Amino acid sequence: MKTLLFWILLLCSGAVLAQGTYWQLDIKGAIGPGTADYLAGEIERANQAPAPPVLLLIVMDTPGGLSSATHDINRAILGSAIPVVVYVSPPGARAASAGTFILYASHLAAMAPATHLGAASPIQIGGLSPGGEKKDEDQNQKTLAHKQMNDAVADIRALAQLRGRNADWGEAAVKDAATLTASEALDKKVIEVLAKDRRELLAKLDGRTVETHAGKLVLHTRDLVVVEKAPDWRQRFIMTITDPNVAYILMLLGIYGLLLEFYSPGFGVSGTVGVICLLLAMLAFQMLPISYAGLGLVLVGLGLLLAEAMIPSFGVLGIGGLVAFCVGSVLLFETPDQAFRVAWPLIAAFATSSLLLLLVVVRMLLGLRHRAAVSGLNALIGMEAEVVGAGRVRLQGELWNAACSEPLKSGQKVRVEAVDGLLLHVSANQKETKP
């Protein structure tokens, strides 16, 4: 009986293996370094697998993302010997900005009803130099924007020509931020398939011929078994810390932790947490398009707020620090994509809390540092002692050698002015001085 059961299970598993599989990868949210690491890594693993999948299905819903991450994903798709199908789904999803470029790079593009794509114009945010340099800076910004636009147009036209898609509309999506619904995209030959779900998508992909890095392939997609490939812990960790809001919080927590450790040394908890947060923030900044000018303004702003807490300037340093902190926070990341900008509510919350923290807590810590000692030899200063003989006083039940600039008599009360080893420097208690 056991042998019969074994052969039945083996035959069933063999049927499943013979049935073929496809890997499903999901893009949800903004495209950043973590997303690029996840997609490029899975595409490479699929191409190197002993039993590779029939195709890779990328289910997309994205508002856009970083151009560097998009280029990494597209390079992986273009170099794949396994067909990559990008499917904009579910209804209501979009493939905006960077998502449009990835859709154009795919071997086959599909969309669900009530989805859209487009608005792929590159935008450059730049500052202006003061004084007479403003005109030159304006011209430089225009030249840079023109170069970026031409580069993006050439990129999407090259992808369109490679995949046989509508290059003119791709150029319009870049130059004029044009958009299309799913049905319009099918009519204009921007995509190849319109399908309401994955089952219908696989049915419509069956029998199609695609050109991959390894040559032409005919897809046999009926009855494929899905294998969902979720990001591993490392990729999820990168996705989390490279969220600009998370990186921003880590940076400020690191700075606050080190400040608290510096002004109130203790068990090292705040300092340890601060160092860890700063290192994680630096790791995130390394992968994000950070503006060092914005970072400098944030640090200057915190420094001015700290100076206001230590050296009151009737609000001048505090207001300047607050302005520098807010402007630096806005300019911290050099990207027009709102998904990779620090949220305004978060900036406002941290600006307010920073002002309160540095004006209230730091002053309290500085006050604690200037309080009289409550232990050790320094705690004896200011205490009252009783003279018990020539050069001897009793203090807290102990006999001490004492020195005074004026003669003393037994039973007289004196005040400790300083401690020099085992010698107390005392002065006559003014309360017992006779008029």
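Treat the numbers as computed from the prediction; the structure is a model and nothing was measured.
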K.L.:
If you look at every heavy atom in A36 and A69, which pair is closest and at what distance?
P.N.:
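Shortest heavy-atom separation between A36 and A69 comes out as CB-O, 3.7 Å.
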K.L.:
Might you point out which heavy atoms bring V88 and A95 nearest each other, and give the distance in Å?
P.N.:
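V88 and A95 have their closest heavy atoms at CG2-CB, 3.8 Å.
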K.L.:
Can you list the steps and then say if T181 with M111 is a side chain to side chain contact (heavy atoms under 4.5 Å, CB included)?
P.N.:
CA-CA 9 Å; T181 63; M111 298 177 70; over 6 Å; no
K.L.:
Would you call V153 and K175 a side-chain contact if the rule is heavy atoms closer than 4.5 Å?
P.N.:
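Yes, close enough: below the 4.5 Å cut-off.
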K.L.:
Is any side-chain heavy atom of V85 less than 4.5 Å from a side-chain heavy atom of V210?
P.N.:
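V85 does not reach V210 side chain to side chain.
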K.L.:
Is a donor on one side and an acceptor on the other found under 3.5 Å between the side chain of Y104 and the backbone of V190?
P.N.:
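No.
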K.L.:
Is any side-chain heavy atom of I156 closer than 4.5 Å to a side-chain heavy atom of F101?
P.N.:
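The answer is yes; the side chains approach within 4.5 Å.
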K.L.:
Please say whether more than 12 non-hydrogen atoms of neighbouring residues, nucleotides or ligands are located less than 6.0 Å from NZ in K204.
P.N.:
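More than 12 heavy atoms, drawn from other residues, nucleotides or ligands, come within 6.0 Å of this atom.
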K.L.:
Nearest 0.5 angstrom please: D72 CG to L39 CG, how far?
P.N.:
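Spacing of CG (D72) from CG (L39) equals 10.5 Å.
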K.L.:
With a 4.5 Å heavy-atom cut-off, do V227 and K229 have their side chains touching?
P.N.:
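In short, these two side chains touch, coming nearer than 4.5 Å.
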K.L.:
In the structure I gave you, are the side-chain heavy atoms of L297 and Y292 within less than 4.5 Å of one another anywhere?
P.N.:
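L297 vs Y292: side chains apart.
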K.L.:
Measure the OG-CE distance between S106 and M60 for me, rounded to the nearest 0.5 Å.
P.N.:
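Reported value, rounded in 0.5 Å steps: 8.0 Å.
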K.L.:
Is there a side-chain contact between I191 and V86, using heavy atoms and a 4.5 Å cut-off?
P.N.:
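SC-SC contact between I191 and V86 ruled out.
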K.L.:
Is any NZ, NE, NH1 or NH2 atom of the basic residue among R234 and D37 found under 4.0 Å from an Asp or Glu carboxylate oxygen of the other?
P.N.:
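Answer for the salt bridge query: yes.
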K.L.:
Which heavy atom of G65 sits nearest a heavy atom of A98, and at what distance?
P.N.:
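So the minimum-distance heavy-atom pair works out to N-CB, 3.7 Å.
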K.L.:
Strictly distance-based, threshold 3.5 Å: is any side-chain N or O of S329 a donor or acceptor partner for the main-chain N or O of F325?
P.N.:
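Checking the backbone N and O of F325 against the side chain of S329, a donor-acceptor pair under 3.5 Å is found.
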K.L.:
Please confirm whether the backbone N or O of G41 pairs with a side-chain atom of E44, one donor and one acceptor, at under 3.5 Å?
P.N.:
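No, because the side chain of E44 does not come within donor-acceptor range (under 3.5 Å) of the backbone of G41.
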K.L.:
Would you confirm whether N47, through its side chain, and I43, through its main-chain N or O, come within 3.5 Å as a donor-acceptor pair?
P.N.:
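Flag set: sc N47 to bb I43 pair under 3.5 Å.
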K.L.:
Looking at every non-hydrogen atom in both residues, tell me the closest pair between W23 and P53 and how far apart they are.
P.N.:
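The pair with the smallest heavy-atom distance is CD1-CB, 3.6 Å.
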K.L.:
For G118, is there any backbone N or O sitting under 3.5 Å from a side-chain donor or acceptor partner on T100?
P.N.:
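Pair found, side chain donor or acceptor close to backbone of G118.
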K.L.:
Just do the side chain to side chain contact (heavy atoms under 4.5 Å, CB included) check on L395 and V416 with the steps written out, would you?
P.N.:
CA-CA 9 Å; L395 177 64; V416 179; 4.2 Å; yes
K.L.:
Rounded to the nearest 0.5 Å, how far apart are CG of D243 and CD1 of I249?
P.N.:
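The distance works out to 8.5 Å.
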K.L.:
CE of M287 to CZ of F285: how many Å apart, nearest 0.5 Å?
P.N.:
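Taking CE in M287 and CZ in F285, the distance rounds to 11.0 Å.
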K.L.:
Show the nearest heavy-atom pair for residues S89 and D61, with the distance to one decimal.
P.N.:
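Heavy-atom minimum between the residues: O-CB, 4.1 Å.
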K.L.:
Would you say Q148 and N150 are linked by a side-chain donor-acceptor pair, where the criterion is simply a distance under 3.5 Å?
P.N.:
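No, Q148 and N150 have no side-chain donor paired with an acceptor closer than 3.5 Å.
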K.L.:
Counting only N and O atoms by type, is there a donor-acceptor contact under 3.5 Å from the side chain of D206 to the main-chain atoms of T221?
P.N.:
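Yes, D206 side chain to T221 backbone: donor-acceptor pair under 3.5 Å.
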K.L.:
Quick check for you: to the nearest 0.5 Å, what is the distance between L224 atom CG and L55 atom CG?
P.N.:
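The CG atom of L55 is 6.0 Å from CG of L224, to the nearest 0.5 Å.
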K.L.:
Considering the options L279, V273, T272, which one meets the side-chain contact (heavy atoms from CB on, under 4.5 Å) requirement together with I276?
P.N.:
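Checked L279, V273, T272 against I276; only one passes side-chain contact (heavy atoms from CB on, under 4.5 Å): T272.
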K.L.:
Taking Q161 for its side chain and A158 for its backbone only, find out whether a donor-acceptor pair lies under 3.5 Å.
P.N.:
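No; zero donor-acceptor contacts below 3.5 Å.
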K.L.:
Please answer whether the main-chain N or O of K28 pairs with a side-chain N or O of D26 as donor and acceptor at a distance below 3.5 Å.
P.N.:
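Judged by distance alone, no pair lies under 3.5 Å.
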K.L.:
Working to the nearest 0.5 angstrom, can you tell me the gap between T209 OG1 and L108 CG?
P.N.:
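Nearest 0.5 Å value for the OG1-CG distance: 9.5 Å.
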K.L.:
List the atom pairs, donor and acceptor, that lie under 3.5 Å between side-chain atoms in residues 212-220 and the rest of the protein, sequence neighbours left out.
P.N.:
| from | atom 1 | to | atom 2 | distance (Å) |
| --- | --- | --- | --- | --- |
| T212 | OG1 | A81 | O | 3.3 |
| T212 | OG1 | A214 | N | 3.2 |
| T212 | OG1 | G215 | O | 3.0 |

K.L.:
So that I can tick it off, tell me whether E384 and R415 are bridged by a salt bridge, with the cut-off set at under 4.0 angstrom between side-chain N and carboxylate O.
P.N.:
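Answer for the salt bridge query: no.
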K.L.:
Quick check with a 6.0 Å cut-off and a 45 degree axis cone: is K188 positioned over the face of W169's six-membered ring?
P.N.:
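Here K188 fails the 6.0 Å and 45° test against W169.
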K.L.:
F350: which residues meet the ring pair (Phe, Tyr, Trp, His ring centres under 6.0 Å) condition with it, sequence neighbours left out?
P.N.:
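So F350 forms a ring pair (Phe, Tyr, Trp, His ring centres under 6.0 Å) with Y248.
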K.L.:
After noting the C-alpha distance and the side-chain angles of R94 and T115, does the key distance pass the side chain to side chain contact (heavy atoms under 4.5 Å, CB included) rule?
P.N.:
CA-CA 6 Å; R94 54 181 171 166; T115 59; over 6 Å; no
K.L.:
Over all heavy atoms of both residues, which pair between L253 and C277 is shortest? Give the atoms and the distance, please.
P.N.:
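Result for this residue pair: CB-SG, 4.1 Å.
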K.L.:
Looking at side-chain heavy atoms only, is the closest gap between L66 and F333 below 4.5 Å?
P.N.:
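No, side chains not in contact.
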K.L.:
Do the non-hydrogen side-chain atoms of I27 and Y38 ever get within less than 4.5 Å of each other?
P.N.:
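No, their side chains stay 4.5 Å or more apart.
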K.L.:
Under the rule for side-chain contact (heavy atoms from CB on, under 4.5 Å), what residues qualify as partners of V330, not counting sequence neighbours?
P.N.:
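Testing V330 for side-chain contact (heavy atoms from CB on, under 4.5 Å), a comparison that skips the adjacent residues, returns R341, W344, I347.
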K.L.:
For R165, is there an ion pair with E192 - N to carboxylate O distance below 4.0 angstrom?
P.N.:
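Salt bridge present between E192 and R165.
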K.L.:
Within the side chain of T240, is there an N or O that forms a donor-acceptor pair under 3.5 Å with the backbone of R236?
P.N.:
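At least one qualifying donor-acceptor pair exists.
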K.L.:
Examine distances only and state if a side-chain atom of D176 and a backbone atom of A178 form a donor-acceptor pair shorter than 3.5 Å.
P.N.:
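A pair under 3.5 Å: no.
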